[in-house]
Amino acid sequence: MAASTTNLSPLSSHLSKPITNKPPFYLFPQTLLNPLYFPLKPLFRAHKPHCTISSKNPIADFFPANKPDPEPGFIPSFTDDDKPREECGVVGIFGDPEASRLCYLALHALQHRGQEGAGIVAVNNNVLQSVTGVGLVSDVFNETKLSQLPGEMAIGHVRYSTAGSSMLKNVQPFVAGYRFGSVGVAHNGNLVNYRTLRAILEDNGSIFNTSSDTEVVLHLIAISKARPFFLRIVDACEKLEGAYSMVFVTEDKLVAVRDPYGFRPLVMGRRTNGAVVFASETCALDLIEATYEREVNPGEVLVVDKKDGVQSLCLLPHPEPKQCIFEHIYFALPNSVVFGRSVYESRHVFGEILATEAPVDCDVVIAVPDSGVVAALGYAAKAGVPFQQGLIRSHYVGRTFIEPSQKIRDFGVKLKLSPVRGVLEGKRVVVVDDSIVRGTTSSKIVRLIKEAGAKEVHMRIASPPIIGSCYYGVDTPSAEELISNRMSVEEIREFIGCDSLAFLPFDSLQKMLASDSQKFCYACFSGKYPVMPKEVKVKKVGDFLDDGLNGPMDSIDGGWVRGPKNIDVEKEIDPLYQQSKI
């Protein structure tokens with residue numbers, strides 16, 4: 001049974017002084033390295049649209065692990081198989097008498113974005129009420145819990161988060177009480193200057209209750225001198241660097257914010273009764289019968305209340321968007337529209353490109369379910385070869401299993417995937433998967449298919465090789481563990497044991513995106529980061545994982561990976577301390 005908690009405003013901030021003496025109504029230029037240097041710039045424009053509007057973190061880098069000195073109390077998270085993991089999904093609902101129940105259903109639709117924890121904050125009679133818990137949405141919430149969350153306004157969150165005893169306190173949404181009321185927040189993304197901001201806040205007297213970067217946002221809101229409330233959010237976001245798609249709730253407002261680069265998705269919809277809905281993906285809107293209207297634009301703040309309806313504000317002058325390409329490759333559900341594009345159509349075209357640029361004589365095309373299915377359909381259609389279900393996925397696999405004393409080879413993969421001998425035996429098989437990360441699971445899938453009698457196994461990967469870790473809210477291994485960062489394509493082919501191997505060409509991916517190509521972030525394929533972290537320090541998990549089977553945390557072998565070598569963290573932080581005391 002999932003652990004859960006119900007609370008009212010469990011976090012609070014009582015700070016003796018603000019971070020800077022900067023006047024509160026000016027914009028922070030992202031181009032400056034020093035996050036506490038705020039020259040004066042004109043305030044954004046606010047306008048009121050018509051009623052209907054159209055249209056942690058375990059992130060590593062390229063540098064070797066040579067710092068075996070983990071920060072006390074920091075517990076790393078890790079994936080349950082050889083795939084990157086989206087960190088979380090968010091929902092916000094305004095103006096529906098069953099807001100919390102709709103939020104609950106929307107979180108179900110976003111369950112693929114996080115399975116470790118879930119929470120909902122609802123507003124009733126100007127009181128923010130919170131229920132959070134560890135586990136799936138269906139584990140955390142029941143009729144009794146939802147009955148504790150009345151009101152017409154709610155936000156929700158699903159999380160793929162840290163493991164261990166500290167996990168529950170890191171489950172969002174977070175709620176904080178400050179001198180002018182209460183605020184709740186749910187965050188999808190990762191702040192690359194979190195450690196610097198936290199150090200400064202703690203030096204000014206802040207007390208942190210979690211290890212989540214999201215709590216920094218609440219402290220920044222609490223110490224802001226800006227008025228009214230939404231300007232506090234703007235004031236806080238001016239100091240943030242990295243990826244954030246967030247929904248906030250107060251006693252009378254729902255606010256949605258997206259970072260200036262638009263790394264993580266956030267969409268807006270509306271129900272027939274006029275209720276406004278924000279969600280990470282359109283699949284959440286579909287389930288609760290909300291009509292998709294548009295994306296929350298990069299750098300935009302949307303404020304919803306009874307008095308003014310929906311107001312759109314420009315948060316920051318923003319550069320060219322850098323939206324996460326992996327949303328279309330792996331994270332999002334195929335029935336979602338993400339960044340204005342159909343995920344299904346994108347993946348189908350990825351498969352078609354593979355069939356055109358890496359053809360091979362074969363008898364059948366199969367997918368590694370579930371994320372490889374649409375690309376496999378595209379490959380089969382273009383190649384004129386039948387698509388069949390050669391691997392059947394079990395949807396009832398838990399996080400741990402007791403293995404018999406006589407060890408079963410590839411135990412974790414066999415729990416999840418079962419080959420269909422009648423489809424594979426004696427056949428030349430093309431296997432389409434969305435990505436290869438460490439390569440350990442791919443090698444076992446190839447072996448599984450060959451043991452089922454396949455004559456040949458040809459792997460086709462519907463993404464370019466992953467050579468870099470993500471800083472923007474995706475749980476990826478350290479760069480040393482990424483097989484494409486260590487081996488050539490031919491070396492990877494030999495490692496996983498297939499007869500041929502081909503990846504989606506990077507140039508072809510960009511060509512397919514056409515005029516939108518420059519709007520996507522390809523850092524995991526190119527190593528070129530739109531926002532370079534200055535002080536990242538994360539846990540390297542190593543090859544402890546065995547196809548999704550978890551063991552005790554203390555048995556994980558690995559070092560701590562610092563941020564880029566050309567940044568001296570201590571020299572960066574020290575001037576910030578000095579300026580914060582001015």
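- Listed for the Gln115 side chain is a donor-acceptor partner under 3.5 Å among the backbone atoms of His112.
- Applying the 6.0 Å contact sphere to CG of Asn273 captures more than 12 heavy atoms from other residues, nucleotides or ligands.
- Classified by interplanar angle (parallel below 30°, tilted 30° to 60°, perpendicular above 60°), the ring pair Tyr178/Phe229 is tilted.
- No more than 12 heavy atoms of other residues, nucleotides or ligands sit less than 6.0 Å from atom CD of Glu98.
- Of the candidates Asn188, Val158, Val338, Asn188 is the only one forming a side chain to side chain contact (heavy atoms under 4.5 Å, CB included) with Ser280.
- Checking Thr214 against Gln172 by side-chain atom types alone, a donor-acceptor pair falls below 3.5 Å.
- Between the His157 side chain and the His187 main chain, a donor and an acceptor come within less than 3.5 Å of each other.
- Under the 3.5 Å distance criterion, the side-chain polar atoms of Arg271 are matched with a main-chain donor or acceptor of Ile288.
- Atom CZ of Arg258 sits about 9.5 Å away from atom CD of Glu300, to the nearest 0.5 Å.
- Looking at Tyr344 and His348, their side chains never bring a donor and an acceptor atom within 3.5 Å of each other.
- Between the side chain of Ser342 and the main chain of Val337, no donor-acceptor pair closer than 3.5 Å is present.
- In terms of modelled atom types and a separation under 3.5 Å, the side chain of Ser245 and the main chain of Arg264 share a donor-acceptor contact.
- Proximity of Tyr292 to Met268: side-chain heavy atoms (C-beta onward) are nowhere separated by under 4.5 Å.
- Side-chain atoms of Asp139 come within 3.5 Å of backbone atoms of Leu136 as a donor-acceptor pair (strictly under, hydrogens ignored).
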Stepwise, does the side-chain contact (heavy atoms from CB on, under 4.5 Å) test hold for Leu107 with Ile120? CA-CA 9 Å; Leu107 292 178; Ile120 294 175; 3.8 Å; yes
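- Screening Ile93, Val267, Val247 for a side chain to side chain contact (heavy atoms under 4.5 Å, CB included) with Phe278, the sole residue that qualifies is Val247.
- Within the model, atoms CG of Asp235 and CD1 of Ile221 stand 9.5 Å from one another, a figure rounded to the nearest 0.5 Å.
- With hydrogens and angles ignored, the 3.5 Å screen pairs a side-chain donor or acceptor of Glu481 with a backbone N or O of Ser478.
- Every residue meeting the ring pair (Phe, Tyr, Trp, His ring centres under 6.0 Å) condition with Phe263, not counting sequence neighbours, appears here in chain and number order: Tyr261, Tyr472.
- Two rings, from His219 and Phe208, have their centers less than 6.0 Å apart.
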Candidate pair Leu254 and Ile155, rule side-chain contact (heavy atoms from CB on, under 4.5 Å), full reasoning: CA-CA 8 Å; Leu254 177 67; Ile155 61 173; 3.5 Å; yes
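- Distance check, rounded to the nearest 0.5 Å: CD of Glu295 to CZ of Phe339 gives 7.0 Å.
- At distances below 3.5 Å, at least one donor-acceptor pair connects side-chain atoms of Asn193 with backbone N or O atoms of Lys239.
- Taken from CZ in Arg270 to OG1 in Thr291, the straight-line distance is 10.0 Å, to the nearest 0.5 Å.
- You'll find the side chain of Ser211 reaches within 4.5 Å of the side chain of Asn170, heavy atoms only.
- In this structure a side-chain-to-backbone donor-acceptor pair under 3.5 Å is missing from Thr132 to Val171.
- In summary, the side chains of Thr272 and Glu289 do not present any donor paired with an acceptor at a separation below 3.5 Å, with no hydrogens or angles considered.
- A donor-acceptor pair shorter than 3.5 Å cannot be found between the side chains of Glu215 and Ser212.
- Side-chain contact between Arg101 and Asp96 is absent, with no heavy-atom pair separated by less than 4.5 Å.
- Separation of atoms NZ (Lys416) and CD1 (Ile445) is listed at 9.5 Å; rounding is to 0.5 Å.
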Stepwise side-chain contact (heavy atoms from CB on, under 4.5 Å) check, Leu220 with Leu240: CA-CA 10 Å; Leu220 292 174; Leu240 306 179; 3.8 Å; yes
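- Using cut-offs of 30° and 60° on the angle between ring planes, the pair Tyr104 and Phe141 is perpendicular.
- From Arg195, atom CZ reaches atom CG of Leu191 across 13.0 Å, with rounding to the nearest 0.5 Å.
- Remark: side-chain polar atoms of Ser371 are not paired, donor with acceptor, to backbone N or O of Tyr330 under 3.5 angstrom.
- At a threshold of 4.0 Å, the pair Arg341-Glu327 does not count as salt-bridged, since none of the basic side-chain nitrogens sits closer than that to a carboxylate oxygen.
- Using cut-offs of 30° and 60° for the angle between ring planes, the Phe520 and His328 rings count as perpendicular.
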For Leu110 and Glu281, run side-chain contact (heavy atoms from CB on, under 4.5 Å): C-alpha distance rounded to whole Å, both residues' side-chain angles, the deciding distance at 0.1 Å, then the answer. CA-CA 7 Å; Leu110 297 177; Glu281 289 184 37; 3.8 Å; yes
Quick one, Ser435 with Asp433, criterion side-chain hydrogen bond (donor to acceptor under 3.5 Å, both in side chains). Give me CA distance, side-chain angles, the key distance, then yes/no. CA-CA 6 Å; Ser435 60; Asp433 201 357; 5.8 Å; no
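- Checked by atom type, the side-chain pair Asp252/Asn126 shows no donor-acceptor distance below 3.5 Å.
- The shortest heavy-atom contact between Leu128 and Gly184 is CD2-N, 3.5 Å.
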